Every structure is written in C-alpha cells, then in structure tokens.
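Before any comments, here is the structure.
Note that this is a predicted model, so its numbers are computed, not measured. Values below: all heavy atoms of this structure, side chains included; hydrogens, waters and symmetry mates excluded.
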Amino acid sequence: MSDICVIGGTRFFGKVLVQQLLDDGHRVTLVNRGQTPDPFGNAVRRLRADLNVPGELTAAVAGERFDAVVHQMCYTPIAAVEACEAFGERAGKFVMTSTIEVYNKDTFRWRFPAPPFSARAREEELDPAEYDFDTTLPWSAPGYLDAHYGEGKRQAETALTRCAKVPVLLARVAHVLAADGDFTGRLQFHLDRVTAGQPVVAHTAPGRTSLVRAEEAAGFLAWAALSDATGAVNVASPDTADVYDVCAAVESATGLTADVIEKEDPSGDPDLSPFSCPSDFGMASDRAAALGYRFTPIAQWLPTVARNAGRTGTPHSKEQ
C-alpha cells in the first residue's frame with residue numbers, strides 16, 4: 001500500500017485514476033480547490049489549494065509525505081516550480097500529465113525552426129533538458145494559457161525536470177476518449193452531427209493522429225506512479241486514426257451514415273471535426289511497451305466507446 005497524492009482528480013480520466021488507485025488498495029489524497037464534487041466519499045483525504053494562487057499548494061501540503069505525486073493540473077512552468085518547492089524531497093516521485101500537443105511544431109516559442117518531428121513523434125525528439133522555461137510570461141493573463149497550451153506544457157515539463165528533487169516521469173497523453181464524463185466533447189461532436197444528419201467537415205486528405213482510451217490513460221498514470229520509469233513517455237494506442245475512423249465507429253454505433261466533407265481550408269468552420277488534422281500528427285508508443293505497459297489498439301476499443309457514448313449522451317463542458 002502506497003500513499004499517492006493526486007493534484008486534480010475530480011474530472012474525466014482523473015476520476016478514473018483515483019478510483020483505480022483506491023481499487024488497488026492505495027491511500028489517496030486529493031489536492032484541488034474543492035469546488036467540484038467527487039464520488040469518493042471517505043475513501044480519500046482532501047487538501048484544499050487553488051493552484052492559481054501563489055503559495056496555496058505549499059501551505060496545503062506542508063509537512064505531508066507521499067510515495068508519489070500525480071500532477072494533473074500542471075499547465076505552466078510556474079505551477080511546476082511551485083510543485084517542486086512545495087513537496088521538495090517529500091515525494092518519492094513526480095508524474096506529470098502532459099500532452100501530445102508538446103510535439104505541435106506550429107506552437108514552438110524557443111526553437112526556430114521547430115525540431116523535425118516524425119509523423120509519429122518519439123520521446124527523444126523533445127528533450128526537456130534542452131528546452132527553456134520562463135516564469136515571467138503572462139501565464140495568468142486572460143486567454144494567454146489557452147493560446148499557448150502546448151508551450152505551457154513544454155515549459156512545465158522543463159521546469160519540473162530541472163527543479164524537482166525527486167525522479168520525474170512526463171506522461172505525454174494522446175487525445176483521450178471515453179464513453180462517459182468526457183468534458184472535451186470531441187466524440188460527442190461526431191455523434192451529435194451524425195444523429196442530426198449534419199455534415200462533418202475535414203481537411204483535404206486528413207492526417208492521422210493518436211488516441212487513447214480514458215481507462216488506459218488512467219491505468220498508465222497509476223502504473224507510472226509506482227514504477228521505476230522516468231523521463232518522457234508517450235501515452236497512446238499503438239495505431240493511429242483519422243476522422244473517417246472516428247465516423248466509422250459512430251456509424252457502427254448509430255446505424256446512420258456520416259456525411260464527411262473535405263475542404264482545403266476548413267479553419268473556422270463550426271462543423272470541422274476535432275479529429276481532423278491537416279497532416280499526420282501522432283506519437284509512437286514503443287517506449288511504453290518497452291517499459292512494460294502496452295496499450296490496446298484503437299480498432300479494438302473505439303467502436304465500443306462510441307456505442308456506449310451514444311447510449312449515455314454524455315454532456316460536455318470546458319471544465320476539467
């Protein structure tokens with residue numbers, strides 16, 4: 001039995017992570033603002049901290065010790081630096097939930113040109129030790145973080161890697177899909193349009209991207225917290241998918257036909273699929289497999305997720 005701290009943990013696959021840790025017999029402490037109800041009752045401890053307020057995390061975890069900390073809310077280098085200072089050596093390991101967007105060559109700030117990523121990026125193509133971070137940028141200004149999401153995560157990875165006094169694992173998570181609780185609304189977007197007979201717009205010859213099932217993303221984080229693995233690890237199914245694959249799963253779930261319309265420049269089109277990429281943009285998951293964690297191919301889980309999502313009619317919001 002281990003003591004695990006989860007920063008966040010009240011929405012989407014964060015809830016799945018907490019439940020899995022509890023099912024595995026671990027003691028879990030949640031750190032968040034306490035504004036979102038969670039289903040865990042007395043099974044977890046709760047510490048209150050607003051990560052947007054300097055010093056609150058440090059005060060909340062003062063004197064606490066954990067075998068691992070899983071940081072679900074680390075979006076900026078400021079958050080990363082404070083986490084390192086707040087826990088010091090009182091955490092056996094840091095696991096940061098990062099994102100596929102760190103490989104988005106169009107959003108790089110510090111390197112020009114951006115690294116020549118392959119169609120399925122590998123971890124070594126972006127080394128946090130060779131990147132930079134800047135805590136003086138206006139990360140808290142309205143709209144700034146949303147416009148610099150990938151950069152925020154890259155700099156958070158770098159800050160955590162350089163400042164942490166304990167081992168660090170950076171989980172670069174692909175686009176996560178779930179039948180229930182998916183606040184992104186990406187899969188529901190397709191279900192809604194196909195059900196309503198509305199078109200789904202895509203780029204001309206849309207590229208393929210990486211996906212992962214919520215349960216497996218959470219499972220990896222739980223595994224990573226207690227493993228000896230460190231460094232960046234891509235969290236993705238071994239295959240990739242495009243907008244046609246997603247629509248095919250929705251067609252199978254609904255018995256209806258998707259009307260996919262390709263456009264040369266669909267930017268700004270409200271019917272543009274969230275899974276339409278102008279070119280291939282994915283991640284290789286070989287390192288995770290080599291470390292002992294294998295993800296299920298998309299083709300084996302996407303139809304079931306689409307079918308179950310169609311039954312639940314999962315509402316979506318922008319909150320996490």
Residue from Leu30, Thr29, Ile7 passing side chain to side chain contact (heavy atoms under 4.5 Å, CB included) with Leu47: Thr29
Contact summary for Val243 and Pro206, nearest pair of heavy atoms: CG1-CG, 3.7 Å
Leu226 side chain reached by Ser2 side chain, heavy atoms, under 4.5 Å: yes
Nearest-0.5 Å distance that lies between atom CG in Leu57 and atom NE2 in His71: 6.0 Å
Salt-bridge present (Asp38, Arg46; N to O < 4.0 Å): yes
Crowding at CG, Asp228 (>12 non-hydrogen neighbours, <6.0 Å): no
Distance-only polar pair, side chains of Glu85 and Thr58, donor-acceptor under 3.5 Å: no
Members sharing Phe133's hydrophobic cluster (side chains within less than 4.5 Å): Val81
Lys/Arg-Asp/Glu bridge criterion (N-O < 4.0 Å) met for Asp242, Arg208: yes
Compile the donor-acceptor pairs under 3.5 Å between side chains in residues 217-224 and protein atoms, sequence neighbours left out, one pair per line.
none

Heavy-atom pair with the smallest gap, counting every atom of Leu22 and Val28: CD2-CG2, 3.8 Å
Option among Tyr75, Tyr149, Trp139 that satisfies the ring-ring contact (aromatic ring centres under 6.0 Å, His included) test with Tyr144: Trp139
Shortest non-hydrogen separation from Leu126 to Arg172 and the atoms involved: O-NH2, 2.9 Å
Nearest heavy-atom neighbours spanning Tyr103 and Phe117: O-CD1, 3.0 Å
Under 3.5 Å side-chain donor-acceptor pair for Gln72 and Thr97: yes
NZ/NE/NH1/NH2 to OD/OE distance under 4.0 Å, Glu151 and Arg154: yes
Basic-acidic side-chain contact under 4.0 Å: Arg287, Glu124: no
Glu101 and Thr107 side chains, donor-acceptor separation under 3.5 Å: no
Common cluster, Tyr244/Trp301, ILVMFWY with side-chain heavy-atom separation under 4.5 Å: no
Within 6.0 angstrom of Arg294 CZ, more than 12 heavy atoms from elsewhere: no
Rounded distance (nearest 0.5 Å) linking atom OG of Ser285 with atom CZ of Arg122: 9.0 Å
